[in-house]
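Here is how names work: the chains are called A, B, and so on, in the same order as the sequence lines, proteins then strands, and each is numbered from 1.
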2 protein chains.
Amino acid sequence: MIHQDICSDCAVRDQALCGSLDDRELIALNRLGQRRRVVRGESIIWAGEESVICANLLSGVLKLVASTSDGREQIVGLLYPADFVGQPYEGEADFTITAVTDAELCVFPRAPFERVLEDHGRMEKLLLQRTLQALRDARAQMLTLARKSAPEKVAGFVRDMAARAGSNSCRATPGGPVTFDLPLTRGQIADVLGLTIETVSRQLTRLKTAGVIRLSGTRAVTILDAAALEGQAEPA
Amino acid sequence: MIHQDICSDCAVRDQALCGSLDDRELIALNRLGQRRRVVRGESIIWAGEESVICANLLSGVLKLVASTSDGREQIVGLLYPADFVGQPYEGEADFTITAVTDAELCVFPRAPFERVLEDHGRMEKLLLQRTLQALRDARAQMLTLARKSAPEKVAGFVRDMAARAGSNSCRATPGGPVTFDLPLTRGQIADVLGLTIETVSRQLTRLKTAGVIRLSGTRAVTILDAAALEGQAEPA
DNA sequence: CGTGGCTTTGAATTGACTCAATAGGGGTGG
DNA sequence: CCACCCCTATTGAGTCAATTCAAAGCCACG
């Protein structure tokens, strides 16, 4: 499906990079873009292949996966709605990008998209700022992967996911119990944190037993003691 | 010392971001820049402090260090001559930047530098491309930190340092013995790889005993068997 | 030629992994 | 509506890679 009139139905119209464009500019970009739905587990870019597209993520969650030749895997990034997807100015993709939930994208062919970038300094500047932020995030995660213990990793991950969920649907009582769904399986959490499934499971059970969180089903988490969680994530 | 005429004595004039500017543009930037020397161990930016400068690195090697509140440290990036230093568009620095060798910088106040960026699309595009590359590097390193064994980490590190040294002073016989100096101490290598000093030392000794490398003094390394080194760095 | 920092080597410990088996839970079809 | 099945998660026991703790050794430099 080609975009309706002028992205008026776009759920992330203002948060995505396109937010920097006025109506006239949007028309040009709009002509390039195509909606695409992907189902959970489907990949849109493969490491080592020519990366011919860029996109805005409209809904769902994607993972960036790095892997060794013998099959070990590491999730090196997660993408959420309004995030930019893909690598301009780079032919061969370094990481495989796969949907961890059903997702919807607004896809652009890479080369024309690069031309739009060059013609629109505001948009390029926004992309630079996002890229700088992604770089800071990746470097912060390097500290976690290399130097934090399994309890710290899991507590920090739960805290971060709660913060993200909380920023979407803000609660009246900050610090009070917050409930949300993890978008990832235990195995995917393990792939983010550089642990194994078993270790993630054990640490979550430990937090539950300690009364810090409640687990309902396999996805839902309730934060019972945010201060304790923070204390386990960042020991003094 | 203010720049002499027009950066004519700059060792990295063509490789650094400034390479994108013509002589007229360079005059404007030149007026902002100041040379600064730092000695080994000296920091130019501190995590948590306001980050008021950007710079080009002219000579020497810098490290970006992330640390936990209880003192664990991780080197999340190394900067070499012609690399860009600092975080435009971001007030508070996330990482401490420290010289690992004596170094020389061309320093710009951040705010005016940002204005130059906005006025010069070519330079902003170059910075975007460098930032995207740094992001790819950081993500690749996440795989190493989280999923590779100590032997793989150390072999890969030695290979990468050899490649960097080799790219500067190219040898006639590719694959033949290459000798170079590590710019880092064992402790700093450990901080890059997420290991301890002792483990790095043991792995280097193992590579020496296996006849893959020769160690002369504490800094010099000779690659005796590049194929074996590659094999240990990236097991099938 | 001494001194201090860096490096190497050894022994013991441990946190996370591996292997293995059980339990839960959501969806499908009878 | 219920039984079954598959996939995911939990729990346990034993192992091992890397760390921690400790002691020399080496080298560069004053």
Side chain to side chain contact (heavy atoms under 4.5 Å, CB included) against B:I53, all qualifying residues, sequence neighbours excluded: B:I45, B:V107
Spacing between A:L193 atom CG and C:dG15 atom P, to the nearest angstrom: 19 Å
Listed partners of B:R40 passing side chain to side chain contact (heavy atoms under 4.5 Å, CB included), at least two apart: B:D102
Test side-chain hydrogen bond (donor to acceptor under 3.5 Å, both in side chains) applied to A:R219 - qualifying residues, sequence neighbours left out: none
Heavy-atom check, side chain of B:I97 versus side chain of B:V85, under 4.5 Å: yes
Partners meeting side-chain hydrogen bond (donor to acceptor under 3.5 Å, both in side chains) with A:R159 (sequence neighbours left out): A:E230, A:E234
Non-neighbouring partners of B:R136 that pass salt bridge (Lys or Arg N to Asp or Glu O under 4.0 Å), sequence neighbours left out: A:E90, A:D94
Set of residues satisfying side chain to side chain contact (heavy atoms under 4.5 Å, CB included) with respect to B:Q15, sequence neighbours excluded: B:A82
Contact state string [nucleotides 11-24 of chain D, B base, S sugar-phosphate only, - no protein heavy atom under 4.0 Å]: BBB----SBBB---
Set of residues satisfying side-chain hydrogen bond (donor to acceptor under 3.5 Å, both in side chains) with respect to A:D70, sequence neighbours excluded: A:T68, A:R72
Protein-to-nucleotide contact annotation, 5' to 3' order, nucleotides 25-30 of chain D [B base; S sugar-phosphate only; - none; under 4.0 Å, heavy atom]: ------
Integer-rounded Å distance: C:dA16 C1' and B:L145 CG: 17 Å
d(CZ, A:R40; P, C:dG27) in whole Å: 10 Å
Value in whole Å for how far the P atom of C:dA16 lies from CG of A:L204: 14 Å
Net bend of the helix from C:dC1-D:dG30 to C:dG30-D:dC1, end axes of five pairs each, nearest 10 degrees: 40°
Gap between atoms CG and P, on B:L182 and C:dC6 respectively (whole Å): 15 Å
Euclidean distance, atom CZ of residue A:R219 to atom P of C:dG27 [Å, nearest integer]: 11 Å
Whole-Å gap separating P (C:dT7) and CG (B:D191): 12 Å
Side-chain H-bond candidate by donor/acceptor type, B:D137 with B:Q141, under 3.5 Å: no
Nucleotide C:dT8, atom P - distance to CG of B:L215 in whole Å: 7 Å
Summary of side chain to side chain donor-acceptor pair (under 3.5 Å) pairs that have at least one residue in residues 50-66 of chain A, sequence neighbours excluded: none
Which pairs would a plain distance check flag for residues 192-201 of chain B, meaning a side-chain donor or acceptor within less than 3.5 Å of a matching protein atom at least two apart in sequence or in another chain?
unit_1: B:T196; atom_1: OG1; unit_2: B:T199; atom_2: N; d: 3.3
unit_1: B:T196; atom_1: OG1; unit_2: B:T199; atom_2: OG1; d: 3.0

